[in-house]
Amino acid sequence: MGEFTTTIESRLDQAYKGLEEARSSGDAFLADALTAEIEDLRRLADDHGISIQR
């Protein structure tokens with residue numbers, strides 16, 4: 001696994017964890033921001049042929 005793939009997966013893991021925390025605390029703005037970040041990261045992964053399991 002390359003460094004780029006590892007970085008994308010790590011950032012996705014962090015974003016998903018943050019999203020869960022934001023939703024739990026009722027922070028809708030942060031949840032929206034993290035959802036957008038997740039979408040961007042997933043699109044970036046797809047553009048580079050990286051398979052994401054989540």
Side-chain angles (χ1 to χ4, degrees):
M1 182 179 324
E3 185 175 339
F4 182 72
T5 300
T6 302
T7 300
I8 294 292
E9 289 177 346
S10 175
R11 288 184 59 192
L12 275 168
D13 284 342
Q14 291 171 0
Y16 276 113
K17 288 176 188 173
L19 179 58
E20 185 176 317
E21 292 172 9
R23 287 179 174 164
S24 293
S25 69
D27 190 339
F29 178 79
L30 181 56
D32 287 345
L34 289 167
T35 298
E37 181 178 356
I38 289 167
E39 290 171 356
D40 289 344
L41 288 167
R42 293 183 66 85
R43 188 173 19 260
L44 183 62
D46 187 53
D47 288 348
H48 291 277
I50 299 168
S51 176
I52 302 299
Q53 301 304 318
R54 278 191 181 203

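- With values rounded to the nearest 0.5 angstrom, L41 atom CG is found 5.0 Å from I8 atom CD1.
- Atoms NZ and CG, on K17 and D13 in that order, are 5.5 Å from each other to the nearest 0.5 Å.
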Which atom pairs, donor and acceptor, lie under 3.5 Å between side-chain atoms of residues 25-35 and protein residues at least two apart or in another chain?
unit_1	atom_1	unit_2	atom_2	d
S25	OG	E21	O	3.2
S25	OG	A22	O	3.2
D27	OD1	F29	N	3.4
D27	OD1	L30	N	3.0
T35	OG1	A31	O	2.8

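- In terms of the side-chain contact (heavy atoms from CB on, under 4.5 Å) criterion, residue partners of R42 (sequence neighbours excluded) are, by chain and number, L12, Y16, I38, I52, R54.
- Annotation: salt bridge (Lys or Arg N to Asp or Glu O under 4.0 Å) contacts of R23 (sequence neighbours excluded): none.
- Under the side chain to side chain donor-acceptor pair (under 3.5 Å) criterion, the residue pairs touching residues 44-53 are S51-Q53, with sequence neighbours excluded.
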